[in-house]
Every structure is written in C-alpha cells, then in structure tokens.
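Encoded as structure tokens, the structure appears first; notes follow it.
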Amino acid sequence: MCGRYDRHSPKDRIADAIGIAGNVGGSTPNYNVAPATYPLNVNARFGRDAPHIEQFRWGFRPHWAKEDAPSPINARSEKVATSPYFRQAFAHRRCLVPADGWFEWQKTESGKVPQYIYHADGELLFFAGIYEIGEGAGEPSFAILTQPAAKHLAHIHDRMPVVLDPACWRDWMDPALATRDDIKAAAKRLDPDALRFHQVSTRVNKPQNNDPSIIEPVDPTAETS
C-alpha cells in the first residue's frame, strides 16, 4: 500500500539521477504527496532515449473508462499484467515515480501510528508506475505498483511500493519491452535491506501539513495524536 509519500528533492536532482540533460526547470518540494494531486512523474512516452519529467494526476483512469469508474492510486504487481484495467498501460506505458520516502500507518492498540520509510543513505527512490495519457479532455494519470512488504517492514504494513533498482530505471520505461516476461526480467527491485524507517508525527495525517518536520523522527513515548 502506498497512499502518501514524500518528494522534496528538486527536479534537477531527479533529472541527474535519470540522466536527463539540460535545464529541466524548478519544482516545489512536496513532503506530503496525496492522491488526486499532480506530483512529478518520469516517463519515456516521447522515446526511450528522451525521458521527460511531467506532472500526472495520482489516480489511474484508462481513457476508455466511464465517468464514474474508479481511479486507483495503486496497482498490485501480481495482477497488473492481466488486469483489464491495467494491462495495456503495463505493456506500453510504464513510468518512474520519484520519491524521497513514503508513509505507512502501523496499526497498534492505541491507534494508527505513521512511519516514514526511506533509503538508508538518503538516495532517491523510484517507484514503478504505470500511466494513462488520456484522450480528448482526459488528463494524464498514474498508479504506483505495489508488492508484499519486505520482512523488516511487514509489521508496519503488509504491502509496499515496488522500489526499482537504479540499474533498471531506463529499461522499466522502455516501450519496446511489451511482454510480461520481458518486463518482469527488466524490473529489478532495490535491495530491501537499503530501506530504513522511523516513526513520525501524526501531523502527516493531514495533507495540508507539508513541511520538513513531518518526516523527522519523533520519540514514540512522547508522540500524541
């Protein structure tokens, strides 16, 4: 499950990580990315050798879907290749979702406790995503692929985003890879041992709280709702 994440790294750091040359412009840090907003997305819809950083709506909707169709923010990696809702995007429109970390809410006897999960070395994370470009008045949208949580994170939540290893970022976006087997072979997961977590303030519960303090660790014995 991924229902909220943090992307405070600037756009030029994302571009450098992917190997995008030239001036890519600026971006505003977003420490509390929420569904139905328009976060940064890296895709190669203009060709594999020219990935672009764009803003897509977080909430996937195929162009053929009816007005009242769902707009899921996540897609299970185990089913995305065969699901009628996602399979065309999985085959032809895969993207990277840059993040500095993500939030999960751990169920406890005293309520849900927010935890922040991030790279131990402060490196950028790139989630595996799929997107739809929309037709007519439709807008570009995307969903994040999820998988069963790594062992040391499973006590927080049983699902986590598919975090890709840097070695496969370009291959993941390659539109020439269209079969399930080829895509699966190209999608290398980041070593989960590189991930760390700590408890954060319940201020993250409200998307309007969007500042560096929401990713800072808190003392579990001192935190109140």
Side-chain angles (χ1 to χ4, degrees), residues 1-7 30-45 53-107 112 114-117 125-150 153-154 156-164 169 172-173 175 177-180 183-184 186-187 189-190 204-208 210:
M1 176 66 181
C2 180
R4 207 79 62 77
Y5 66 93
D6 155 44
R7 194 283 306 158
N30 192 339
Y31 293 88
N32 202 351
V33 181
T37 61
Y38 296 79
L40 298 180
N41 178 297
V42 184
N43 65 79
R45 62 183 173 124
I53 302 175
E54 302 180 82
Q55 289 181 273
F56 288 179
R57 186 179 189 275
W58 188 15
F60 181 88
R61 178 175 290 180
H63 68 269
W64 46 261
K66 295 182 179 180
E67 190 71 26
D68 58 351
S71 298
I73 60 173
N74 295 322
R76 286 181 172 256
S77 59
E78 303 94 324
K79 299 179 179 180
V80 68
T82 56
S83 165
Y85 212 72
F86 300 123
R87 63 190 179 198
Q88 285 298 313
F90 178 72
H92 304 291
R93 295 181 294 278
R94 296 178 303 277
C95 61
L96 298 173
V97 182
D100 291 277
W102 78 93
F103 303 96
E104 297 288 5
W105 279 258
Q106 181 181 3
K107 292 182 179 179
K112 292 184 177 180
Q115 304 281 353
Y116 179 62
I117 304 167
L125 303 176
F126 283 88
F127 304 148
I130 55 173
Y131 69 93
E132 174 64 60
I133 59 174
E135 287 189 357
E139 58 186 359
S141 62
F142 75 96
I144 294 170
L145 271 60
T146 65
Q147 64 180 22
L153 303 176
I156 299 174
H157 197 280
D158 64 348
R159 304 287 296 181
M160 63 178 280
V162 173
V163 185
L164 294 173
W169 291 343
W172 174 255
M173 293 186 291
L177 300 179
T179 70
R180 182 179 183 179
I183 297 167
K184 184 178 179 180
R189 265 70 162 180
L190 181 74
V204 73
N205 294 353
K206 296 181 179 180
Q208 59 264 40
N210 194 327

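All residue numbers in this chain count up from 1 along the given sequence. Fair warning: this is a prediction, and the values are worked out from it, not measured in the lab.
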Supply the atom-to-atom distance [X] [atom1] to [Y] [atom2], rounded to the nearest 0.5 angstrom.
X      : Y      : atom1 : atom2 : result
Ser141 : Ile73  : OG    : CD1   : 12.5 Å
Gln147 : Asp158 : CD    : CG    : 12.0 Å
Ile133 : His92  : CD1   : NE2   : 12.0 Å

Among residues at least two apart in sequence or on other chains, which ones pass side-chain contact (heavy atoms from CB on, under 4.5 Å) with [X]?
X      : result
Lys184 : none
Pro62  : Phe60, Trp64, Ala65, Tyr85, Glu132
Ala99  : Tyr5, Phe127
Lys206 : Gln208, Asn209

Residue list, ring pair (Phe, Tyr, Trp, His ring centres under 6.0 Å) with Phe90, at least two apart or on another chain
none
Kindly write out the residues that satisfy ring pair (Phe, Tyr, Trp, His ring centres under 6.0 Å) with Trp169, not counting sequence neighbours, or none if the list is empty.
Phe126
Say whether, by atom type as modelled, one donor and one acceptor occur between the side chain of [X] and the main chain of [Y] under 3.5 angstrom.
X      : Y     : value
Ser83  : Val80 : no
Arg7   : Tyr31 : no
Asn210 : Asn30 : no

Under the side chain to side chain donor-acceptor pair (under 3.5 Å) test, residues paired with Gln55 that sit two or more places apart:
none
Pairing residues for Thr179 by the side chain to side chain donor-acceptor pair (under 3.5 Å) criterion, not counting sequence neighbours
Asp182
Residue pair Asn41 / Trp58, side-chain donor-acceptor N/O under 3.5 Å
no
Assess, by modelled atom type and distance only, whether the side chains of Asn43 and Arg93 contain a donor and an acceptor separated by less than 3.5 Å.
no
Only one of Gln106, Glu104, His157 clears side chain to side chain donor-acceptor pair (under 3.5 Å) with Gln115; which?
Gln106
Just wondering, do [Y] and [X] contact through their side chains at under 4.5 Å, heavy atoms?
X      : Y      : value
Trp102 : Ile144 : no
Lys107 : Ile156 : no
Met173 : Val42  : yes
Leu125 : Asp100 : no
Arg4   : Asn32  : yes
Thr37  : Arg57  : no

Residue pairs passing the salt bridge (Lys or Arg N to Asp or Glu O under 4.0 Å) test with at least one member in residues 71-92, sequence neighbours excluded, are Glu78-Arg159
Show the nearest heavy-atom pair for residues Ala143 and Pro72, with the distance to one decimal.
CB-O, 3.7 Å
Smallest heavy-atom separation, Trp172 atom then Leu145 atom, equals CH2-CD2, 3.8 Å
Step by step, work out the side chain to side chain contact (heavy atoms under 4.5 Å, CB included) result for Leu177 and Arg94.
CA-CA 10 Å; Leu177 300 179; Arg94 296 178 303 277; 3.6 Å; yes
Test side chain to side chain contact (heavy atoms under 4.5 Å, CB included) applied to Phe142 and Ile130, step by step
CA-CA 6 Å; Phe142 75 96; Ile130 55 173; over 6 Å; no
Ring-ring centroid check Phe56 Tyr131, cutoff 6.0 Å:
yes
Taken in chain and number order and not counting sequence neighbours, the residues that satisfy salt bridge (Lys or Arg N to Asp or Glu O under 4.0 Å) with Arg61 are none
